[in-house]
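Just so it is clear, the values below take in all heavy atoms, side chains as well, and ignore hydrogens, waters and symmetry mates. Chain letters run A, B, ... following the sequence lines, proteins first, then strands; residues in each count from 1.
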Protein chains: 2
Amino acid sequence: MTNVSNVLKPRFKPSHPGLVFKRQVLEGYELSITEAARRLGVSRKHLTNFSNGHVPCSLDLAQRIAAATGSGVAVWINLQANYDTWLAEHSDTPDVVAFG
Amino acid sequence: MTNVSNVLKPRFKPSHPGLVFKRQVLEGYELSITEAARRLGVSRKHLTNFSNGHVPCSLDLAQRIAAATGSGVAVWINLQANYDTWLAEHSDTPDVVAFG
DNA sequence: TGAAGGTGTAACCTATTAGGTTACTATTGC
DNA sequence: GCAATAGTAACCTAATAGGTTACACCTTCA
């Protein structure tokens with residue numbers, strides 16, 4: 001399967017937003033997960049799970065990260081959306097009857 | 001607030017994915033909500049709520065619509081992401097301590 | 001006029017999930 | 001040894017997706 005639309009789509013599994021957060025934000029600011037969790041107002045457990053790709057980036061978390069870093073909230077929402085899209089495209093299609 | 005990044009962002013509230021679905025898909029295929037719900041394998045109640053913008057487009061629903069219409073699942077995920085982004089940008093920012 | 005199909009909505013229930021607290025273990029640096 | 005960090009497991013709560021059933025209110029058509 002290779003067509004034009006694939007040019008704009010990631011051919012390989014995109015990074016989980018949490019991994020991006022860990023590599024780009026935490027390492028960039030030289031912040032520990034513990035300290036970042038304090039500043040974001042979320043539990044350390046939750047932020048570790050997120051940073052290791054075990055839980056998705058909720059809207060609430062996206063807003064907090066955006067507010068704390070000055071980045072746009074769209075960045076994190078779109079990272080999650082791209083990740084979700086990849087997963088959806090690589091799971092089996094639901095049982096539906098075609099329209100039209 | 002007007003800067004370059006806004007050029008790429010919707011200045012007005014984007015349509016809820018359900019409204020797009022109603023206008024573009026249902027009207028395009030001349031399908032009733034009831035019939036579309038049957039084909040998608042979801043309840044009529046749920047699809048009415050979605051089509052009227054009362055519930056978000058879940059990943060499951062996005063996959064079903066994509067499978068039934070032949071559209072990419074990314075369309076619906078991104079419509080929802082854009083809608084979520086607009087809402088997040090127009091709600092008050094959470095209480096966090098800035099990084100860096 | 002009455003039956004049939006479509007629509008919106010409300011009440012109620014269930015399964016899933018985001019997220020918290022606490023606690024235990026392991027690691028690293030002073 | 002001690003302090004801080006990290007990963008993880010058990011447990012709990014609140015929110016939410018989504019289902020079922022039922023009711024009222026259209027249209028349309030025989």
Problem set entry | Parallel, tilted or perpendicular, as decided by the 30° and 60° cut-offs, for the rings of B:Phe99 and A:Phe21 | tilted

Exercise. Under 4.5 Å between any side-chain heavy atoms of B:Val97 and A:Arg38, yes or no?
Worked result: no

Exercise. Touch check for A:Val55, heavy atoms < 4.0 angstrom, all strands: base, sugar-phosphate only, or nothing?
Worked result: nothing

Exercise. How does protein reach along nucleotides 22-30 of chain C, written 5' to 3' as B (base within reach of a heavy atom under 4.0 Å), S (only sugar-phosphate), or - (no contact)?
Worked result: -B-------

Problem set entry | Close side-chain approach of A:Gln63 to B:Val96, heavy-atom, < 4.5 Å | no

Seminar exercise, completed: Walking DNA chain D from its 5' end, the first of B:Gly41 and A:His54 to be reached, judged by nearest nucleotide, is A:His54

Exercise. Can you find a pair of side-chain heavy atoms, one from B:Phe50 and one from B:Ile65, that are under 4.5 Å apart?
Worked result: yes

For this session: Under 4.0 Å from any heavy atom of chain B: name the first and the last nucleotide of DNA chain D that qualifies, 5' to 3'.
Result: D:dA17 to D:dA22

For this session: Return the orientation label for the B:Tyr83 and B:His16 ring planes: parallel under 30°, perpendicular over 60°, tilted otherwise.
Result: perpendicular

Exercise. Got A:Leu26 and A:Ser51 here, is their nearest side-chain heavy-atom distance under 4.5 Å?
Worked result: yes

Exercise. What nucleic acid atoms does A:Thr34 come within less than 4.0 Å of, heavy atoms only: base, sugar-phosphate, or nothing?
Worked result: sugar-phosphate

Exercise. Touch check for B:Asn49, heavy atoms < 4.0 angstrom, all strands: base, sugar-phosphate only, or nothing?
Worked result: nothing

Exercise. B:Asp60 CG to C:dT17 P: how many Å, rounded?
Worked result: 11 Å

